[in-house]
Protein chains: 2
Amino acid sequence: MDTAEYQHFAWLARSFGRTDYLPLTPADLEALADAGSYVDKYPGTHLFKEGEESNAAFVIQRGEVELYRSRSSGRRVVGRVRPGAVIGDIAMFQGQPYVSGARAITRVRAFRLERSRLLPLLIEHPVIAMRWLVAGLSQLEATQQRVIRLMHRTVREQVAEVLLDETDDYGEVHLSQSSLADLLGASRQSVNEALASFKSSGAIETGYRVIQVKDPAILEKVAGRAVSVPT
Amino acid sequence: MDTAEYQHFAWLARSFGRTDYLPLTPADLEALADAGSYVDKYPGTHLFKEGEESNAAFVIQRGEVELYRSRSSGRRVVGRVRPGAVIGDIAMFQGQPYVSGARAITRVRAFRLERSRLLPLLIEHPVIAMRWLVAGLSQLEATQQRVIRLMHRTVREQVAEVLLDETDDYGEVHLSQSSLADLLGASRQSVNEALASFKSSGAIETGYRVIQVKDPAILEKVAGRAVSVPT
DNA sequence: GCAATAATGTCGCTAAGGGGACAAACCGGG
DNA sequence: CCCGGTTTGTCCCCTTAGCGACATTATTGC
């Protein structure tokens, strides 16, 4: 049960942290300026901790933030977000505790939207509120699709899928194989086996805590994603 | 891939159709009265069809509605809703086509909220809009938790879980074993095996398209749900 | 540098479960 | 009341993947 629950939070955190989740425009932020203020965080300090009462959402302006979740076996990173990301908002709207913690990696500047001041302001700006909520809705729905896409597939397929999703701008995935396994709910050994097969087919290179994606096309094929085949 | 996609829709439809999803109070409806009107449907007629542009949400007032989804192998029922349920709203908010169709089983009276007239009205009633959207958010989140609770568990556990969730007021689950299997993404054979084991332990009785839950406690134990044990 | 720790790479065993095949029971329409 | 389609109940085979065990490398703290 703990594993499944952890995975849930992991997925939520990962998806909520995606930079493509941008419910707010600069104009919106200006309108909401009264609801919060900028905060600066030094590396290692928390924007919020998991389980804490969710009384604020954050829009990352600069720096990198790590989303983590504690477990019996210590802290586990479940995602990293960059400037532009909005975090903590869905928990805030639901009035639920934060599902994951957020910790600054580099120096971080973020705009902190206070729940108590934000909600009244959103009442005055219903359009923003609705766009925000609908964005959250779509985000959750997309996450759900992702989860269901991973269900009932071989570990090999799942690994290919996740590798494609987690690749950064430099074609690298910065996750240990056991983190990868945790994320999928698979065993480390099976993940390793899948990676070995990808490595031998030249799709990736493996290193210590790093995987370099050399040929995404191969992974896409394995993951069963629509490949545009020239006919 | 078709299977996974179908499963996704099935889960969405099931959760959205739940009667405990009641974002609107009678007072809200009164306020939104201008956005729609009552419609009466004869058995067999559609409130909306799947894939159709979602330009209205419905609040069921009387009668019973069946949510279904077509597939290569014909139509498949994914849920039934009773008076009080709100259907079609989340697709409407997202501006996506309906994920499932809704067909009247008995004579149905429903309040049809027109998207084009509803949205402006919601802008005037931001409190209602926000409650509605947050309800949708929570609903989706609950569905997601449910799906993730089912991941990486034995078919036996999954079946127990689903049986508990789908039991109606009379302690019966009106689903064929293959529907159950589809819902879980398991094979019909494995589901049947699980049911057989429950039957032999006296937890359930099986019939034609019907399963009677005799002893929920046994199922809860198998599903790994917290059982209140007297100490 | 040099442990101590963490991460990767492999092997073999075993259980869970998908899928084919087929019999038996059930139901609804003519 | 009977027939065709659907649903349930069982077998068996074979692949997938979890798990334990262990060797090998990489990293980090001292």
Side-chain angles (χ1 to χ4, degrees), chain A residues 1-4 6-7 71 73-77 150-163 172-201 203-212 222-224, chain B residues 1-4 6-7 44 68 71-77 150-163 172-201 204-212 222-224:
Chain A
M1 200 69 281
D2 187 59
T3 314
Y6 161 70
Q7 247 191 296
R71 232 178 143 189
S73 53
R75 171 182 296 164
R76 191 159 283 273
V77 177
L150 287 174
M151 292 177 79
H152 309 117
R153 315 194 58 176
T154 65
V155 171
R156 208 175 114 86
E157 291 166 334
Q158 293 184 46
V159 170
E161 187 89 43
V162 169
L163 283 182
E172 295 185 337
V173 179
H174 291 271
L175 286 168
S176 74
Q177 296 185 7
S178 40
S179 303
L180 222 52
D182 272 355
L183 211 54
L184 294 174
S187 70
R188 187 188 62 78
Q189 291 95 320
S190 303
V191 170
N192 180 270
E193 189 190 4
L195 289 174
S197 98
F198 293 146
K199 189 162 62 173
S200 75
S201 66
I204 60 169
E205 283 297 319
T206 61
Y208 196 80
R209 281 172 179 274
V210 175
I211 297 159
Q212 285 165 22
V222 172
Chain B
M1 202 68 283
D2 186 58
T3 314
Y6 163 71
Q7 236 191 307
Y68 68 89
R71 232 178 143 190
S72 46
S73 53
R75 170 181 298 164
R76 190 161 284 275
V77 177
L150 290 175
M151 291 178 78
H152 308 118
R153 316 195 58 178
T154 65
V155 171
R156 209 175 114 87
E157 292 166 334
Q158 292 184 45
V159 169
E161 188 89 46
V162 169
L163 283 182
E172 295 185 338
V173 179
H174 291 271
L175 287 168
S176 74
Q177 296 184 8
S178 41
S179 303
L180 221 52
D182 274 355
L183 211 55
L184 295 174
S187 71
R188 187 188 61 77
Q189 290 94 321
S190 304
V191 170
N192 180 269
E193 191 190 3
L195 289 173
S197 97
F198 294 145
K199 189 162 62 174
S200 74
S201 66
I204 61 169
E205 283 296 319
T206 61
Y208 196 79
R209 281 173 174 274
V210 175
I211 297 159
Q212 285 164 21
V222 172

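Just so it is clear, the values below take in all heavy atoms, side chains as well, and ignore hydrogens, waters and symmetry mates. Naming convention: chains lettered A, B, ... in sequence-line order (proteins, then strands); numbering from 1 in each chain.
The interatomic distance linking B/H152 (NE2) with D/dC19 (P) rounds to 11 Å, in whole Å. What separates CG of A/L150 from C1' of D/dA17 is a distance of 16 Å, to the nearest Å. Going from atom CD of B/E205 over to atom P of D/dG9 covers 11 Å, rounded to whole Å. Rounded to whole Å, atom P of C/dG19 lies 11 Å from atom CG of B/D182. For the pair A/R188 CZ and D/dT25 C1', the interatomic distance rounds to 13 Å; values are reported in whole Å. At whole-Å resolution of the value, OH in B/Y208 and P in C/dA24 are 17 Å apart. Regarding B/L184, its CG atom lies at a distance of 15 Å from the C1' atom of C/dA16, rounded to whole Å. In this structure, the CG atom of B/L175 is 12 Å from the P atom of D/dT7, given to the nearest Å.
With respect to A/Q177, the side chain to side chain donor-acceptor pair (under 3.5 Å) criterion is satisfied by exactly one of A/N192, A/D182, A/T206: A/N192.
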Side chain to side chain contact (heavy atoms under 4.5 Å, CB included) evaluation trace for B/L195 with B/I211:
CA-CA 9 Å; B/L195 289 173; B/I211 297 159; 4.0 Å; yes
Please determine whether side chain to side chain donor-acceptor pair (under 3.5 Å) holds for the pair A/S200 and A/S197, giving the CA-CA distance in whole Å, both sets of side-chain angles, and the decisive distance to 0.1 Å.
CA-CA 5 Å; A/S200 75; A/S197 98; 5.7 Å; no
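With values rounded to the nearest 0.5 angstrom, B/L184 atom CG is found 10.0 Å from B/E161 atom CD. Residue B/H152 holds its NE2 atom at 10.0 Å from CD of B/Q158, rounded to the nearest 0.5 Å.
Side-chain nitrogen and oxygen atoms of B/K199 include at least one within less than 4.0 Å of the OP1 or OP2 phosphate oxygen of D/dG9. Residue A/T206 places at least one side-chain N or O closer than 4.0 Å to OP1 or OP2 of C/dG9. For D/dG18, one of the phosphate oxygens OP1 or OP2 lies less than 4.0 angstrom from a side-chain nitrogen or oxygen of A/S190. At the phosphate of D/dG9, OP1 or OP2 sits under 4.0 Å from a side-chain N or O atom of B/N192.
Minimum atom distance to the side chain of B/Q177 is reached by D/dG9, of the listed D/dG18, C/dA7, D/dG9.
Using a 4.0 Å heavy-atom cutoff across all strands shown, B/R209 reaches sugar-phosphate atoms only and no base atom. Looking at heavy-atom distances under 4.0 Å, B/Q189 makes contact with a base.
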